[in-house]
2 protein chains.
Amino acid sequence: MTTKLSQLKQDFTEGLSQISRFWGFPKGMGAIFAVLYLSPAPLPLDEIVTQTGLTKGAVSTEVRTLARMGLVHRSSRLGDRKDYYEAESDFYKSIRSILKERQNSEFDRAVRSVQETLEKLESGSVSGDEAEVAFVHERVKALQEFFNAIDNLASAVIKLESLGFGNVTKILSVLK
Amino acid sequence: MTTKLSQLKQDFTEGLSQISRFWGFPKGMGAIFAVLYLSPAPLPLDEIVTQTGLTKGAVSTEVRTLARMGLVHRSSRLGDRKDYYEAESDFYKSIRSILKERQNSEFDRAVRSVQETLEKLESGSVSGDEAEVAFVHERVKALQEFFNAIDNLASAVIKLESLGFGNVTKILSVLK
DNA sequence: TATTACGTTTAGTAATTACTAAACGTTCTA
DNA sequence: TAGAACGTTTAGTAATTACTAAACGTAATA
């Protein structure tokens with residue numbers, strides 16, 4: 001039993017949409033990426049619109065955030081005022097740029113607030129039951145250290161030239 | 001200038017709530033975890049209710065998913081029919097159990113659908129422009145390999161006794 | 001200068017998700 | 001056996017997020 005390529009593409013797109021949603025991104029974003037990822041040539045916005053069934057507005061904004069994440073690239077051609085988009089196919093590259101993106105976000109602000117909490121505790125300026133303050137201090141400190149570990153890991157990954165297969169297997173062997 | 005412990009706790013809780021939302025979990029979940037994490041003793045549901053301002057129903061369901069993730073533990077005492085909850089303080093342990101949790105989820109289903117797409121392509125049963133089929137094949141394969149790499153990494157982490165400081169620094173040195 | 005071909009913004013709607021309030025079931029106590 | 005003290009479920013609401021439709025801005029073309 002044979003499958004039409006167009007059908008296959010559609011299934012694939014559906015799959016990526018769900019994956020996208022799973023990671024907390026709009027499912028339309030996954031669909032857009034899928035369409036670009038399976039296209040041999042860069043596509044103009046209009047083409048993405050017809051292939052995903054989303055509106056111009058939606059594609060316009062979501063493709064922009066994809067670009068900011070480094071998952072797609074925008075380009076233009078001389079004498080053609082359309083923008084063309086194509087998917088980044090090196091996923092390790094994408095991961096790095098997503099991590100980078102996340103570093104200057106909401107998340108970082110929240111992490112810093114934990115840092116501030118810790119500083120107050122270190123400076124001894126917190127009033128309350130002594131034993132409980134000590135306990136809280138210890139806990140907050142542990143959390144902060146955990147965040148630091150994660151952060152170091154992320155930074156290291158970002159700095160890498162490439163997180164290719166070799167590196168992954170190296171990591172795996174260390175973890176054995 | 002001194003800060004009251006109660007105020008500090010509240011700030012901390014606020015911070016964790018945001019972090020929780022950032023990772024796609026309800027912010028109430030972060031708040032519940034924060035309250036438990038800063039409590040020297042296990043707390044009954046009612047106490048969580050008063051400290052977070054959520055309702056019994058909400059706390060009941062969210063504390064359960066926290067437990068499933070291994071971020072909190074439920075216990076009970078003889079001659080007391082309240083349940084008591086306490087936070088897991090070993091975050092590496094938590095990470096492992098979250099990863100485990102994620103492995104049997106929606107996500108895995110979606111990943112498998114990519115696998116199926118690939119199998120169809122491998123079996124040569126896809127009809128359409130030959131060159132394009134070849135291109136799509138290559139791309140889908142690359143994506144699948146990427147997923148495998150991630151999956152291997154996750155599995156390795158899960159199997160670890162402990163992802164303590166030592167291991168993290170080892171990983172870091174490999175990535176240099 | 002008017003028209004067309006684009007991408008962006010905006011204001012509103014649909015869909016989803018987080019939560020509340022209250023009914024419910026069970027187990028213990030009187 | 002009634003009542004109280006729990007945790008759970010359910011049905012509905014509030015808040016958030018994803019998206020649509022359409023107005024808009026800009027630059028190229030006639």
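The figures here come from the full heavy-atom set of this structure, side chains too, leaving out hydrogens, waters and symmetry mates. Naming convention: chains lettered A, B, ... in sequence-line order (proteins, then strands); numbering from 1 in each chain.
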What is the distance from [atom1] of [X] to [atom2] of [N], rounded to the nearest Å?
X: B:Phe25; N: C:dC19; atom1: CZ; atom2: C1'; answer: 18 Å
X: B:Phe22; N: D:dT16; atom1: CZ; atom2: P; answer: 18 Å
X: A:Trp23; N: D:dA18; atom1: CH2; atom2: P; answer: 17 Å
X: B:Met29; N: C:dC19; atom1: CE; atom2: P; answer: 10 Å
X: A:Asp83; N: D:dA27; atom1: CG; atom2: C1'; answer: 13 Å
X: A:Ile32; N: D:dC19; atom1: CD1; atom2: P; answer: 8 Å
X: A:Glu62; N: D:dT20; atom1: CD; atom2: C1'; answer: 12 Å
X: A:Asp80; N: D:dA27; atom1: CG; atom2: P; answer: 16 Å

Original post:
What stem regions, each of at least 3 consecutive Watson-Crick or G-U pairs below 3.5 Å, can be found for DNA chain D?
Top reply: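 The stems that DNA chain D takes part in, listed by first number, are C:1-30 with D:1-30.
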Mind listing the closest non-hydrogen atom pair of [X] and [Y] along with its distance?
X: A:Phe33; Y: A:Leu16; result: CD2-CD1, 3.8 Å
X: A:Phe146; Y: B:Ile95; result: CZ-CD1, 3.6 Å
X: B:Lys4; Y: A:Val126; result: C-CG1, 4.3 Å
X: B:Glu62; Y: B:Gly28; result: OE1-C, 3.5 Å

Original post:
Within the structure shown, what part of the strands sits under 4.0 Å from A:Gly53 by heavy-atom distance: base, sugar-phosphate, or nothing?
Top reply: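 It contacts sugar-phosphate atoms only.
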Original post:
Got a salt bridge between A:Lys9 and B:Glu132, using NZ or NE/NH1/NH2 to carboxylate O under 4.0 Å?
Top reply: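 A salt bridge is present here (some side-chain N lies under 4.0 Å from a carboxylate O).
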Original post:
Does a side-chain N or O from A:Arg64 land closer than 4.0 Å to OP1 or OP2 of C:dT9, or not?
Top reply: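 Yes, such a contact exists.
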**OP:** Establish, with yes or no, whether the OP1 or OP2 oxygen of D:dG7 is under 4.0 angstrom from a side-chain nitrogen or oxygen of B:Ser60.
**Re:**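 False: B:Ser60 side-chain N/O out of range (4.0 Å or more) of D:dG7 OP1/OP2.
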[atom1] of [X] to [atom2] of [Y]: how many Å apart, nearest 0.5 Å?
X: B:Lys141; Y: B:Thr117; atom1: NZ; atom2: OG1; answer: 15.0 Å
X: A:Met29; Y: A:Ser20; atom1: CE; atom2: OG; answer: 5.5 Å
X: B:His137; Y: A:Leu38; atom1: NE2; atom2: CG; answer: 12.5 Å
X: A:Phe12; Y: B:Ser113; atom1: CZ; atom2: OG; answer: 8.5 Å

Original post:
Quick one, which residues of residues 34-48 of chain B touch DNA chain D with a heavy atom under 4.0 Å?
Top reply: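 Heavy-atom cutoff 4.0 Å gives B:Leu45.
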Identify the pairs formed between an N or O of the protein and an N or O of nucleotides 21-28 of chain C at a distance under 3.5 Å, and give each distance.
residue, atom, partner, partner atom, Å
C:dT27, O2, B:Arg81, NH2, 3.4

**OP:** From the options C:dG7, D:dT8, D:dC19, select the nucleotide whose nearest atom is closest to the side chain of A:Leu54.
**Re:**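 Nearest listed nucleotide: D:dC19.
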Original post:
Any donor-acceptor pair under 3.5 Å linking the side chain of A:Thr52 with the backbone of A:Ile48?
Top reply: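 Confirmed, A:Thr52 side chain pairs with A:Ile48 backbone.
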Original post:
Just by distance, do the side chain of A:Arg74 and the backbone of A:Tyr84 share a donor-acceptor pair under 3.5 Å?
Top reply: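 No, the answer is negative, given that no donor and acceptor are paired below the 3.5 Å cut-off.
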**OP:** Quick one: do B:Phe91 and B:Tyr37 satisfy ring pair (Phe, Tyr, Trp, His ring centres under 6.0 Å)? Show the steps, please.
**Re:** CA-CA 11 Å; B:Phe91 294 109; B:Tyr37 185 67; 5.4 Å; yes
Original post:
When the nearest nucleotide of DNA chain C is assigned to B:Gly79 and to A:Tyr84 on a heavy-atom basis, which residue is associated with the more 5' position?
Top reply: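 Of the two residues, A:Tyr84 wins.
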Subject >> Residue mapping more 5' on DNA chain C - nearest nucleotide basis, A:Arg74 or A:Lys27 >> reply: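 Checking each residue's closest nucleotide, the 5'-ward one belongs to A:Arg74.
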